[in-house]
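The next block holds one structure in the form of structure tokens; read it before the comments.
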Amino acid sequence: MSTNIDTLENWERTHDCGSLSANNAGTEVLLMGWVNGRRDLGSLIFIDLRDRGGITQIVFDPKVSVVTHEKAHVLRNEWVIAIKGKVSPRLKGQENPKMPTGDIEVFVTDLKILNRTEVPPFQVDGAVDASETLRLKYRYLELRRPRLFENFRKRHQVVSSIRECLNRNGFLEVETPFLTKSTPEGARDYLVPSRVNKGTFYALPQSPQLFKQILMVAGFDRYYQVARCFRDEDLRADRQPEFTQIDLEMSFTGEEGVMAIFEEMMKDLFKTVLGKEIAIPIPRMEYTEAMDRFGCDRPDMRFGMELKDISGIAARSDFNVFRQALETGGCVKAIKVENAAADFSRKILDELSRFVSDLGAKGLAWIKITDNEWQSPIAKFFNQENISGLNKIMDARPGDLLLIVADKIKVANQALGMLRLEVAKRLGIIEKDALSFLWVTRFPLLEYDENEGRLQAVHHPFTAPLIEDLHLLKDSPEKVRARAYDLVLNGVEIGGGSVRIHDMSLQDEIFKILGITREAADRKFGFFLEALKYGAPPHAGMAIGLDRLVAIMVGAESLREVIAFPKTSSASCLMSDAPSIVEESQLKELGIGLLSE
RNA sequence: GGGGAUGUAGUUCAGUCGGUUAGAACGCCGGCCUGUCACGCCGGAGGUCGCGAGUUCGAGCCUCGUCGUCCCCGCCA
């Protein structure tokens, strides 16, 4: 690559490439940026100059400067240049309505070539898109694309808006450690070896949970943090190993205080960033109702198609599959797909059947409602009375399609809940621009873990039980509801939190039920339990996943579109090539040896 | 850990039944061009068909393995 490039000297920009309009006609401007495209007509050269503000057409005309025009012939895409010139309205009929700056162009008097480039591995202008592998390897080139940059501008605005809201409400931004203690509950930890204390390890935080609660004990009263969190679990389109939470904690309040703050925050940021009004208070739904009606603890409320329990009628049918499911304590539930009977072919129904069996359900029954009967493989098991009864429960009309799953309650809910989403996706009935917020409240405090053979905390072991359920704690702990709440947006869990236990004796009782001995509890988080003894105020908190929130706001398919330097689905960074092997000497210094295969 | 998809020029893709010299578009290089904005026209260069075995007279195509990427299940308090 040639090194004959110009120096900046005392040139300073006067504008960015997105800010010029007809109002600037006649002014001398100085722009800097990248060559986004060139159209060299011989004696006239047009260049699209791009910076993060936008794109401006600049013109090299020998009538303006022979020397500069001559110099401009060598310009190529992605070269970095600076130009001085005069803003001019476009000739009549030459305006470009597709460009925000399409009414003007800049006639260049002076040109500096600030840098050249090798031929880029893919076209930044996006004319031919590259594979994501390549775009991740050359992430800086992809980030030059205006569409992607816009995501990060919005992300910045979201964080600014949140900080403003929380600062206004008396919150203090405090940083908590990255090098912290491994807690075996929850997700797998990323471990960091200690050189000073060989054989011991820090863990990167899965969340600042214990530290923020200790800040409440410390009397900080209202804390927040734009907190990076780390979880060593397998990735998904909506899961990265490091991600950012807006994490907060409040003293002397409960769920109402926390929910009110988040509602104000959401209202603010959707207004400032997207110019959209959202209605508060955000509606609430208890966990059990969400499961009953949507088969899911984070229902997408942008469409209906709710689950209906048809166990009563199923019990009166002659269909053994239904009756067996009921006899073993299961249920029969159904969804109604309006006017889909004609469109859902046997092939599609087979696909849907496979879809639910992949989720562990035993099968899928379907009924097409026709004018006076059912078209269905299971029609023969129902008498006329039951047919009318079921039609009534489902509010089914001719042309509708019923999809039915009979299974254990948990399996049926999950399968139908997912099927509901799948069908809605296939039908394209989900309104893209809709914003459907929902609080899901009163989750179960505990659930039985089949693998471990013991009760586990659904949220985390410091979540407070509902006071009115306390009496159930001893005899039927699984029925106890938690003072926990999740914020759901368009079927995505964007955050969650709870009122915490601040009473040591209740905390002890919970540990006992979880089968955690005093010794084990002390070993795992003794420092935190110790803190609870010294005047812990009542407190509650919540965290929302910033990446997921921004992803929804910008309509991103994957979190990778809202994280500047994301990891691949095998948790590696294609740009830096992390993770990588390290020098033997580095390991030795840490007192670490690698196991051979 | 499991299932699915995918890998061919710098990039995105096509490549028939296994058969002669692996094509197109964009990009790149050279030339022409004073109103382009997906500029146009003429010419040109550019290939480890992801990698490794195997089957075959012959493999981009078939088989096995392996690696990368993407999606999903498990997992993610």
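Here is the naming used below: chain letters follow the sequence lines, and residue numbers restart at 1 for every chain. Atom set for the values below is all heavy atoms of this structure, side chains included, hydrogens, waters and symmetry mates excluded.
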Handout entry: Sub-4.0 Å heavy-atom contacts from residues 228-239 of chain A onto RNA chain B, ordered by number
Key = A:R231, A:E233, A:D234, A:R236, A:A237, A:R239
Practice task
Taking atom C1' in both B:C57 and B:G15, compute the distance separating them and give it to the nearest angstrom.
Solution key: 23 Å
Exercise for the section: For RNA chain B, determine which residues of residues 561-575 of chain A have any heavy atom closer than 4.0 angstrom to one of its atoms, and list them numerically. Expected result: A:T568, A:S569, A:S570, A:S572, A:L574
Problem - All ring-ring contact (aromatic ring centres under 6.0 Å, His included) counterparts of A:F60, not counting sequence neighbours - result: none
Practice task
Verify the contact: side-chain N or O of A:R76 to OP1 or OP2 of B:C29, cut-off strictly under 4.0 Å; return yes or no.
Solution key: yes
Exercise for the section: Quote, to the nearest angstrom, the P distance that separates B:G47 from B:C42. Expected result: 25 Å
Problem - hbond_proxy A:Q57 side chain to B:U36 base (donor-acceptor, 3.5 Å cutoff) - result: yes
Practice task
Using Watson-Crick or G-U wobble geometry with both distances below 3.5 Å, tell me the partner of B:C17, or none.
Solution key: none
Fill in the blank from the handout: For B:G68, the nucleotide meeting Watson-Crick or G-U wobble distances (both under 3.5 Å) is B:U6
Exercise for the section: State, without any angle test, whether A:E142 and A:Y140 hold a side-chain donor-acceptor pair at a distance under 3.5 Å. Expected result: no
Problem - B:U36 phosphate, OP1 or OP2, under 4.0 Å from A:R39 side-chain N/O - result: no
Exercise for the section: Look at the side-chain N and O atoms of A:Q94 and state whether any lies under 4.0 Å from the OP1 or OP2 oxygen of B:U36. Expected result: yes
Exercise for the section: For B:A14 versus B:A24, give the span between their P atoms, rounded off to a whole number of Å. Expected result: 16 Å
Exercise for the section: For nucleotides B:U12 and B:U55, find the distance between their P atoms and express it as a whole number of Å. Expected result: 34 Å
Practice task
Using the aromatic ring of A:F46 (for Trp, its six-membered ring), decide whether it stacks on the base of B:U36 within the limits of 5.5 Å and 30°.
Solution key: yes
Problem - For atom CD of A:Q240 and atom C1' of B:C70, their distance in whole Å - result: 13 Å
Handout entry: Phosphate OP1/OP2 of B:A38: any A:K98 side-chain N/O under 4.0 Å
Key = yes
Exercise for the section: Using Watson-Crick or G-U wobble geometry with both distances below 3.5 Å, tell me the partner of B:U63, or none. Expected result: B:A53
Problem - Aromatic contact, A:F525 with A:F462 (centres under 6.0 Å) - result: yes
Practice task
Check whether the side chain of A:E78 and the base of B:G27 form a donor-acceptor pair under 3.5 Å.
Solution key: no
Exercise for the section: Would you kindly say whether A:H73 and A:D40 are connected by a side-chain donor-acceptor distance under 3.5 Å? Expected result: yes
Exercise for the section: Let me see the working for A:Q57 and A:R39 under side-chain hydrogen bond (donor to acceptor under 3.5 Å, both in side chains), right down to the final yes or no. Expected result: CA-CA 10 Å; A:Q57 171 164 284; A:R39 295 171 293 283; 2.9 Å; yes
Quick test: give all pairs of protein nitrogen or oxygen and nucleotides 3-6 of chain B nitrogen or oxygen below 3.5 Å, distance rounded to 0.1 Å.
none

Handout entry: Whole-Å P distance, B:G3 and B:A22
Key = 38 Å
Problem - Distance below 4.0 Å between A:T133 side-chain N/O and B:U69 OP1 or OP2 - result: no
Problem - Nucleic acid contacts of residues 515-529 of chain A, taken as heavy-atom distances under 4.0 Å to RNA chain B - result: none
Handout entry: Residues that A:Y190 engages under ring-ring contact (aromatic ring centres under 6.0 Å, His included), provided they are two or more places apart
Key = none
